[in-house]
> 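Sharing a structure with you now.
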Amino acid sequence: MIEKRTEISERRRTMFKVKERVFSVLVFTVVICLCAVSLSLGQEKVVKIGAIYPLTGNLASTAMSSKRGLELAADIVNNYYDLDIPFARTKGIPGLNGAQVKIIIGDSRGDPKVGMGEAERLIKSEGCVGLVGAYQSSVTKTASQVAERYGVPFLNSDSSSYALTARGFKWYFRLCPSNETWAQNLVSFIKQVEKEKKATIKTLVILHEDTEWGASSADMQKKYFTQAGYKVLDVIAYPAGATDVNSEVLRVMKAKPDILVMNNYITDGILYTRTFKTLNYNPQHFLTWCGCSEPGYIPAVGKDGNYFFSYSEFAPELAQKRAVVKQIMELYKKKYGENINENTVRAIPAVLLMVDAINRAKSTDPAKMHKALMETDIPADQLISPWAGIKFDPKTHQNIYARYVIVQILNQAYKCVWPPELASAKYVWPWPEWNKR
Amino acid sequence: MEQLGKLLIQMIISGVMMGFVFSLIAMGLTIIWGVMNIINFAHGEFLMIGMFFSFFFFKYVSIDPLFSLPMVAVLLFIIGFITYHLLIKKVLQGPVLAQLVVTFGLSIFLVNLAVFLWSADYRMIENPIASGKISLAGIAVSIPELVASIGSMIIGAAVYWFIKRTKTGMAIQAISMDKDAAAIMGINTDRLNAVSFAVGVMCVGVAGALLSNFYYVFPEVGSFFGVIAFATVALGGFGSIEGAMIAGVIVGLAEIVGGFLLAPAYKYAIVFAIYLAVVLIKPTGLKGW
Amino acid sequence: MMLEVRDITVDYDGVVALEGVSFSVERGEVVSIIGPNGAGKSTILRTISGLLRAKSGSISFKGKEIHNLPPYRVVEHGIAHTMEGRRLFGLLSIEKNLLLGAYTQKNKSSIHNKLEEIYALFPILKERRKQLAQTLSGGEQQMLAVGRSLMAQPDLLMLDEPSLGLSPVLVKKIFETVKDINQKGMTLLLVEQNVREALELCNRAYVLQTGRIVTQGSGKELLSSDLIRKAYLGI
Amino acid sequence: MNIKTRHIWLILLALFAIVLPLILDSPFARHVLIVILLYSILGEAWSILGGYAGLLSFGQAAFFGIGAYTSTFLLINWGVSPWIGMIVGGFLAVLAAICLAYPCSKLQGHYFAIATLAFAEGLRIIFLNWNAVGGARGLDPPILPTSLWYLEFHESKLPYYYLLVLFLAVVMLAMWKLNSSRLGYYLRALRESNNAAESLGVNTKNCKVIATCISAFITAIAGTFYAQYVLYIDPASVMQLKLSIEIVLVTMFGGVGTMFGPLIGASFLTSISEIFRVVLGGAGRGMDLMIYGLLIMLISTLKPDGVWGLVTERLGRRPGKEKAKTSGE
């Protein structure tokens, strides 16, 4: 009996030894792999800009558009292009002896934790002098924290959560407007409609997807519409990517608002459009954010997409006023075989501004770049976005000239209807009823 | 009051229609579970493949989803058959956990294979034959949804008939009740496992093809339907075809009516709550054993 | 020689269940395998029917090697196996259970005849043929299990503990049925813990202990052997 | 081989753990190590349920989320140290575990699995719409000066790493103790067969509840670590079904019911996933995850006992009795 027991424990011990050995071998392999990865990314004599985007998952297509924008911008800086835009007619960054720009892409998978790791990698392992990205506000939050910690500028041109600039970070700069701006823009637009169309608009319902973006946007809309004297009848959250939106639409119908303000993504946007049509829901009008302006929306719904109001950060109308916009649109089409979209347009200024800051600072020293960024004052005519320029608020680092344009889908094309100076079409108000089209 | 009554009828109709589609998805899953005792985590991905096939038939060969349905069904059947032989068979004798891992792996693989081959774009079939709506006394029914629910009902009934009335179906039932006893009846369990897996995959693929008439197609579309399908199958009772059918309708109704009455944000929470409530009273779901 | 098992060794996950077991069954015989719980009796039957694979040794049936065949092929050779605990398809009707027994049979009229034959043997089954198998009582379930095996029209019927969990009256009845089936020409391999009845019924018997055959002989010889009397009959 | 050699191995392992981040001095590598440790801890906690008691939980994210939310909420609103928040969160998670496990203890196999999934998804939806805890907006723990008391370290990742190593060591020690304890024995009996365990006089219900509670407690503490490390939480990142599934995957990949399984699984899967992501992810074509999925399928079909089994077999050893019960008889 005793013998047997020793035998067992002996075996157990051998097992244990084997386990240990195996374990160390495994961890060692992991270590080697990790080292190999960090070594393979050796130093080159170029200025590296890190970009974090959700390249896997639901948003991969969107992120690909952004990625192309970054590459296009880098290409414009690095090579000679006859474009009326800074850094196009020079090769490289003039203020830094013509140094080349290289974009290093990191995939966040839409996960804040991964985005954080990517920021670490891009800054410390890759030696990026600044970061751009990261699309989702949640990832931008964690990634910009890393940039803040290492004292590296983070230029954000595609996250709209108002909470981002409220943090008062030193190294975080937002070029694009926030969802607070959008709410303000919407209110001004509605005021204008009331005046121009003699419409009586009193009540609204806000519909939003249950994501950080949806919820915080709804907060802002509720705040600004209430401030402006409108009555918010209901704020309805719904699960993003729902299989069916009947209950949401029926609830809206029950509340009977004058206008419906929607915050949704393209997938739900398509579903909503169809459900509105099926249930023949006709308020005075629909104001949407994102859902109707993603590139896939119009092809998916066809004529049913007509008359929806949507936001945009890109107004093709600008092409008539600024030659460079048209040139870039053509350049992009030639290079990638598709039309430029707002995700691309948003990504370009982030890279150009980073380059501009380095150029003015004549260095990639973070402190000097920071100073340059704070002094930024780019006029509207140097931009391809409809913003009124780029200048950062000294405290929040929000671009005070950032704004959205409001578009309406007319004849299955986006037409800019607000702000008035960019408007290219007369908008249709009220909403033409589904069965009278 | 009349308004509310109308809304309720509207919701019940929409709920039941959606429910039939859920039923078909759940039926596929429950057959696979019943026969092989494995949860197929890649179930939603087969839905995605069905949708993509349907979309490609429309886009490149100009065959309407309604007419490509039989081809999609056959293709999915073949894919299911191959998947069984390449993967599922290999882990069937192994630990339960290996079976779960392998279907997780398959799910990750299929989603990203779709991204790799077809990109993560959202696609939609434009103007399929099944489009438009029928309105009657203020109640509106969308035709693609109606077609999907009728189609699901027909396919569901066919599969039900196959399982309950044919010799092969009876053998499949026998395997799901007692694998060894079925084997000594002379049933080739391996072959019928493959058939059941293929039928299960076919069911969900057909549901995908029907959904593609009104739902957008993208690589991750399956994950959402997949989770709902697990809850539906478990609610109906694992392995029970009748259970899956009933539970599908309950889920469809709960989602729409519950979502309306409580708050749309909670509509899937209601589905999960119903599941928990049911299994607390009857631990094997509505119709499980 | 109808069934010949030669020197088979079976293990479960490294634990030896059968070690060098050999025995044979002649056409028309009733052969019993008796032994205590866990001796490996069921394992023998499961190995013959292909549910388990022998590590070494061979099994031949009607002159053909069957030890490498999957269960469904074994059935086709003419071996039916009534497993311990009856293992009915509880949620199917009695008739469907019986029809599944004839799964390998192709001839519809012969299946029908066989079905009538089984109903004649167990009239209660005919009466309740639309009911679910799980609604039957223990004795009826055993009848159904035996009937289901007979549906395959086997040459050899293997019964695993047919009397388990039944009342003495039913046990007697089951053994009568078994005898009856045998008299109609069926060869039987019987595994039983009900040693006395099994030995009285069978032509020959093997005694299995911890995976080995310890003794064998005709039923009568064993009934009178000291070993059996002490160990199993408590005399 | 004697006790001494075993101790030497343990000491070597500890030394290795201490020295590792000093060799790998890039913050990204350390970040990956921290993620590995986090998943190892979560895997160990899952293992108590899935590996020992045979109760498959697909709802670990609920406990993780409760832990992360409780400490963060307390820190934001009342400046409570995450160390205290961690304990409070742990107990809240235990409470949730009791609410879940007590009524669900009679559920078998996959019914239990789906019940945990339903519970976690339901809870996620509630948090997503609960404005008091930020709803879908999530919570940002305040960024405070580096301090152990507030569990925030901005200058270096090493403190997080060493704290997690310590935490993992404690958890593993607890698992080892549990393994040889009466409860561990009961749980293993439970895994083999519910009925058998009951016939042995084991109060299966209590065992299941206790196992769930222990698992929930550890998972919730890990949640607090996550919140303080990442400094941003929202239901989409701390309560997502994907997280629950990753936890299961890590454990099963390493080998269920073994002490080092989760650690090996986490090391393997996380590093593979990260390497593929860094090398291939930039292309945006899903290639990284495709290969990752393929690899998971290959290993699980070729080596159903997990990487652990692969290695032990290579060394001429059976995986032993620790492996999960096979299906059927």
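To find a chain, count down the sequence lines: A is the first, B the second, and so on, and within it residues start at 1.
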> When rounded to the nearest 0.5 angstrom, what is the spacing between OG1 in T278(A) and CG in L146(B)?
11.5 Å
> Just give me the residue among S135(B), A263(B), S223(B), S14(B) that pairs up with chain A most often, heavy atom to heavy atom, under 4.5 Å.
S14(B)
> I need the residue from V301(A), L271(A), V245(A) with the largest number of non-hydrogen atom pairs under 4.5 Å to chain B.
L271(A)
> Check the pair E145(B), D244(A) against side-chain contact (heavy atoms from CB on, under 4.5 Å), reporting the backbone distance first and the verdict last.
CA-CA 10 Å; E145(B) 278 182 51; D244(A) 181 282; 4.1 Å; yes
> Looking only at heavy atoms, what is the nearest atom pair of S61(A) and A120(B), with distance?
OG-C, 3.0 Å
> If I take atom CD1 from residue I108(B) and atom OG1 from residue T56(A), how far apart are they, to the nearest 0.5 angstrom?
11.5 Å
> Go through it in stages, so that I can follow the logic: the residues are M124(B) and R274(A), the test is side-chain contact (heavy atoms from CB on, under 4.5 Å), and I'd like the CA-CA distance, side-chain angles, deciding distance and then a yes or no.
CA-CA 12 Å; M124(B) 190 100 200; R274(A) 290 181 173 239; 3.4 Å; yes
> Please classify the contact of A242(A) with chain B as side chain, backbone, both or neither, using a heavy-atom distance under 4.5 Å.
both
> Between V141(B) and chain A, with a heavy-atom cut-off of 4.5 Å, which part of the residue counts as in contact: side chain, backbone, both or neither?
backbone
> If you measure from NZ on K133(B) to CG on N435(A), what distance do you get to the nearest 0.5 Å?
6.0 Å
> Working to the nearest 0.5 Å, report the span between CD of E220(B) and CG of L59(A).
9.0 Å
> What pair of heavy atoms forms the shortest contact from A140(B) to L279(A), and how long is it?
CB-CA, 4.3 Å
> With a 4.5 Å cut-off on heavy-atom pairs, point out which of F218(B), F224(B), F225(B) contacts chain A the most.
F224(B)
> Sort out for me which of D304(A), I236(A), T267(A) touches chain B most, counting heavy-atom pairs under 4.5 Å.
T267(A)
> Under the side-chain contact (heavy atoms from CB on, under 4.5 Å) criterion, do T243(A) and F22(B) qualify, and how do the steps go?
CA-CA 10 Å; T243(A) 52; F22(B) 287 140; 3.7 Å; yes
> Examine whether an atom of L250(A) lies under 4.5 Å from a heavy atom of chain B, and if so say whether it belongs to the side chain, the backbone or both; otherwise answer neither.
both
> Using non-hydrogen atoms only, which part of I134(B) is less than 4.5 Å away from chain A: side chain, backbone, both, or neither?
neither
> Can you find a pair of side-chain heavy atoms, one from D268(A) and one from Y216(B), that are under 4.5 Å apart?
yes
> Is it the backbone or the side chain of I13(B) that comes under 4.5 Å from a heavy atom of chain A, or both, or neither?
neither
> Counting only heavy atoms closer than 4.5 Å, note whether I125(B) contacts chain A via side chain, backbone, both or neither.
backbone
> Take atom NZ in K231(A); do more than 12 heavy atoms of anything else shown fall under 6.0 Å from it?
no
> Identify the heavy atoms of I256(B) and S247(A) that sit nearest to each other, and give their distance.
O-CB, 3.1 Å
> Between OH of Y215(B) and CD1 of I270(A), what distance do you get to the nearest 0.5 Å?
9.5 Å
> Tell me, for N280(A) versus chain B, whether the close heavy atoms (under 4.5 Å) come from the side chain, the backbone, both or neither.
both
> Which distance, rounded to the nearest 0.5 Å, do you find between the CG of L7(B) and the CZ of R251(A)?
11.5 Å
